[in-house]
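One-based numbering, in listed order, for ligands and for the atoms of each.
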Amino acid sequence: MRILVVEDEDRIAGFLKKGLEEESYAVDIASDGMAALEWVAGAQYDLILLDVMLPGLTGFEVCQILRQRRVDSPILMLTARDDIDDRVQGLDSGADDYLTKPFAFKELLARIRALTRRTASNPTSDVVLEFADLQLDTVTHKAKRGHRDIDLTPKEYALLEFFLRHPRRPLSRTLVRESIWGYDYFGASNVVDVYVRHLRQKLESGGEPALIHTVRGVGYQLDDPE
Ligand code: CA
């Protein structure tokens, strides 16, 4: 079971991560809404724990964007305010449930169990994605080619997971950029090319053949070595 915790306060995020890991959940932390969208673009979560009060995008806005992108992971909202309007707005924006801070950790666990029950009986993803001699563990974020371990940055991981979930299909630069960096990314226009280059270097640094191929005029494609 994999949970994304979206919380800007380090102390609370750390407390949640530690507590949830003790209950055997795999936990990623995003400290703002943009980071959350990036994590979700690159991985499948069994639950998203989303704080309402965040710098930049609010939890409501993040929730709305995730639902627009057809992310169907259960979303549990956390807020400091016990306000009926917040509760309504949270549920309207697509959240499944709502918990007011401060809360008892036991209650959080109970809500998480209730929300993940429906996905637990219906696992949506394999833990290890494979293609040719390449393996990617979606829980530990470790990649391997054959027996060679490959260290990835979070962005490289997200990119590789995206390729592995869409093998043998030409993926346009725009699609890749919007999926990994978000449709509202306004940074360098060649960001996809730069990251694909880094990723290829890591995947091929043991002299292995290329798996990510350039598709002229389009973008890239994960495919058998030529
Ligand atoms: Ca907060």
Side-chain angles (χ1 to χ4, degrees), residues 1-119 138-141 153-158 161 178-187:
M1 279 281 170
R2 185 135 182 246
I3 296 182
L4 178 65
V5 173
V6 189
E7 169 61 80
D8 58 311
E9 284 162 74
D10 290 345
R11 197 178 51 80
I12 298 175
F15 160 78
L16 290 171
K17 182 174 168 69
K18 186 166 174 290
L20 291 170
E21 283 176 348
E22 280 169 7
E23 298 292 323
S24 303
Y25 293 102
V27 180
D28 291 324
I29 304 273
S31 57
D32 62 30
M34 290 307 293
L37 296 178
E38 285 167 12
W39 277 110
V40 173
Q44 194 132 27
Y45 290 98
D46 298 294
L47 184 115
I48 299 168
L49 200 54
L50 180 58
D51 188 32
V52 170
M53 302 292 281
L54 294 169
L57 296 172
T58 68
F60 298 132
E61 290 167 325
V62 173
C63 189
Q64 223 164 7
I65 292 169
L66 290 174
R67 293 311 188 216
Q68 278 163 6
R69 293 184 184 177
R70 309 208 179 286
V71 171
D72 62 357
S73 310
I75 295 177
L76 176 55
M77 287 254 197
L78 298 178
T79 183
R81 297 174 295 176
D82 188 15
D83 184 321
I84 191 78
D85 288 340
D86 269 13
R87 190 177 294 254
V88 169
Q89 197 181 345
L91 298 176
D92 274 354
S93 63
D96 296 274
D97 201 0
Y98 198 93
L99 197 55
T100 305
K101 291 180 187 172
F103 49 81
F105 196 71
K106 261 187 170 172
E107 180 172 14
L108 175 67
L109 290 177
R111 301 284 185 99
I112 290 174
R113 275 196 300 273
L115 286 173
T116 54
R117 206 163 284 144
R118 64 183 165 95
T119 48
T138 60
V139 174
T140 63
H141 287 195
T153 65
K155 272 289 186 291
E156 289 165 351
Y157 168 81
E161 179 172 3
E178 288 182 355
S179 302
I180 310 290
W181 282 269
Y183 63 87
D184 38 10
Y185 171 81
F186 294 113

> Sequence neighbours excluded, which residues qualify as side chain to side chain contact (heavy atoms under 4.5 Å, CB included) partners of Ala41?
Replying inline: none

> Salt bridge check: are Asp96 and Arg67 linked by an N-O gap of less than 4.0 Å?
Replying inline: yes

> Ion pair present between Arg2 and Asp46, side-chain N to carboxylate O less than 4.0 angstrom?
Replying inline: no

>> So that I can tick it off, tell me whether Lys101 and Glu7 are bridged by a salt bridge, with the cut-off set at under 4.0 angstrom between side-chain N and carboxylate O.
In response: yes

Can you give the donor-acceptor pairs under 3.5 Å from side chains of residues 53-66 to other protein atoms, not counting sequence neighbours?
from  : atom 1 : to    : atom 2 : distance (Å)
Thr58 : OG1    : Phe60 : N      : 3.3
Thr58 : OG1    : Glu61 : N      : 3.1
Glu61 : OE1    : Thr58 : N      : 2.9

> Which protein atoms of type N, O or S are found under 3.0 Å from the Ca ion (ligand 1)?
Replying inline: Asp8 OD1, Asp51 OD2, Met53 O

>> According to ring pair (Phe, Tyr, Trp, His ring centres under 6.0 Å), who are the partners of Phe103, at least two apart in sequence or on a separate chain?
In response: none

